Amino acid sequence: MKSVGIFLPVWVLTLWMVLPSWSGTILPVQKIPRVKPGTCPVVPFRCKMHNPPNRCQSDSQCPGPEKCCDTGCGLGCVLTQQVTEKPGICPLITSTCHMINPPDKCKEDRDCPGPMKCCMSICGKECIQPNQVKSGTCPVVPFRCHMLNPPNRCLSDSQCPGPEKCCDTGCGLGCVLTQQVTEKPGICPLITSTCRMINPPDKCKEDRDCPGPMKCCMSICGKECIQPNQVKPGTCPVVPFRCYMLNPPNRCQSDSQCPGPEKCCDTGCGLGCVLTQQGKPDTCPFVIFKCAMYNPPDRCQSDRQCPRFKKCCETFCGKDCVYPKGYGKA
């Protein structure tokens, strides 16, 4: 029983001696300087003192919300810029101020009440109701009027009713319905003839005007809803030669006219259905030197001409079938 009474104080003493060293490893972690939120203000000037003294080294040395920032004359504790930009666009300024350096009634959006923004007015900055930008895209302007500086019927989207936007109409700004563009997949067929009609009418404006998978494509005479050409995967092979025929005939116009995996590609003598290049994975090795031969001959044109694991890569002197970069490495 006496040995237990002697052992207990020794154990307690040992724990008491360890605690300060253990707690001492935690305290410095709590004292790591933290970066306070906010942005340091822009420095408007620089003092002429060479290497001015700093009044702080980190944000933790500054009281309250202040940060340790460049003051233009060394580091010091200053109030930060809590920049919070409100939604909307500042109105367009249509006049010029005759005052030199007009005073600002605000500095940023947070100085303004409610949804108002700090905008540049005719004379200095002030809190102004912003223009709300509506969704959609302004339509393409097909013409321009001959009037010099035509009058505007609006200046912002907020002046337009419903879903209309304030857009360029070709004769000043005006409220128009926007283009909610939703493009359908596929490619419009190639046009092989020319329309003899001047300014032919369009039967559609965009893809959403067409039923099902049809697209609004340019036809021989104006736009109309047409079944698009579906693009097959793969890459057309490199054309190794050109025939001497002027304007050779095409055997296809789109991939949809080709059987199976074949694509409508340039064959060197017009368009035709060919098997595509399904490139092998991995990367070609890096070429450090080039031979002095002008236009050296190629021993391959695509990966499919190479056996098994080899790829058709650019080598020291033209293309050849080589093992890809890192081949054989574990």
Side-chain angles (χ1 to χ4, degrees), residues 181-197 200 202-287 290-291 293-325 327:
V181 180
T182 305
E183 189 175 356
K184 295 179 182 178
I187 296 177
C188 288
L190 188 67
I191 302 170
T192 54
S193 303
T194 306
C195 182
R196 298 181 182 180
M197 187 188 302
D202 293 331
K203 299 175 183 177
C204 62
K205 294 293 183 184
E206 52 190 46
D207 288 357
R208 65 173 180 167
D209 299 333
C210 300
M214 298 181 79
K215 287 175 66 72
C216 185
C217 300
M218 183 61 71
S219 64
I220 298 174
C221 279
K223 286 185 175 181
E224 61 178 282
C225 293
I226 299 174
Q227 193 72 28
N229 296 327
Q230 300 301 323
V231 181
K232 294 180 181 178
T235 307
C236 289
V238 178
V239 178
F241 65 89
R242 288 284 173 189
C243 65
Y244 294 100
M245 187 185 300
L246 182 66
N247 295 325
N250 297 321
R251 275 90 67 198
C252 63
Q253 294 290 341
S254 66
D255 289 358
S256 57
Q257 296 173 346
C258 297
E262 292 184 358
K263 283 175 68 74
C264 187
C265 299
D266 183 5
T267 63
C269 202
L271 296 176
C273 293
V274 295
L275 283 171
T276 59
Q277 288 179 318
Q278 300 291 340
K280 295 179 182 178
D282 300 321
T283 307
C284 288
F286 186 69
V287 179
K290 285 285 185 183
C291 65
M293 186 188 299
Y294 182 68
N295 290 331
D298 294 328
R299 269 85 70 193
C300 65
Q301 294 292 334
S302 65
D303 287 355
R304 65 179 179 157
Q305 295 172 344
C306 298
R308 299 202 66 187
F309 303 108
K310 288 187 175 182
K311 285 176 66 70
C312 184
C313 298
E314 193 69 48
T315 65
F316 168 72
C317 228
K319 286 185 176 180
D320 199 359
C321 293
V322 298
Y323 286 107
K325 185 178 178 181
Y327 177 78

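Quantities reported herein were computed from a predicted structural model and do not represent experimental measurements.
Taken from CD in Gln305 to NZ in Lys310, the straight-line distance is 14.0 Å, to the nearest 0.5 Å. Here Met214 contributes atom CE and Asp209 contributes atom CG; the two are 12.5 Å apart, rounded to the nearest 0.5 Å. One distance of note links CG of Asp320 with SG of Cys313; it measures 9.0 Å at 0.5 Å rounding. From Arg251, atom CZ reaches atom OG1 of Thr267 across 4.5 Å, with rounding to the nearest 0.5 Å. Note that CD of Gln227 is 11.0 Å distant from NZ of Lys215, once rounded to the nearest 0.5 Å.
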Item to check | side-chain contact (heavy atoms from CB on, under 4.5 Å) assessment of Cys204 paired with Lys223 | outcome: CA-CA 6 Å; Cys204 62; Lys223 286 185 175 181; 4.1 Å; yes
Next on the checklist: The test is side-chain contact (heavy atoms from CB on, under 4.5 Å); show your working for Ile226 and Cys188 and say whether it passes.
Outcome noted: CA-CA 8 Å; Ile226 299 174; Cys188 288; over 6 Å; no
Checklist entry - Going through the distances and angles, do Cys269 and Cys243 end up as a disulfide bond (SG atoms under 2.5 Å apart)? => result CA-CA 5 Å; Cys269 202; Cys243 65; 2.2 Å; yes
Item to check | Full working for disulfide bond (SG atoms under 2.5 Å apart) between Cys306 and Cys321 | outcome: CA-CA 6 Å; Cys306 298; Cys321 293; 2.1 Å; yes
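Put simply, the side chain of Asp266 gets close to the backbone of Gly268: a donor and an acceptor are under 3.5 Å apart. Side-chain atoms of Asp207 come within 3.5 Å of backbone N or O of Cys216 as a donor-acceptor pair.
Distance check for Cys264 and Cys273: the SG atoms are not under the 2.5 Å cut-off. Per the SG-SG cut-off, Cys210 and Cys225 are bridged by a disulfide [distance under 2.5 Å].
Nearest heavy-atom pair across Ile220 and Cys195 is O-CB, 2.7 Å. When every heavy atom of Lys205 is checked against every heavy atom of Asp202, the shortest pair comes out as NZ-OD2, 4.2 Å.
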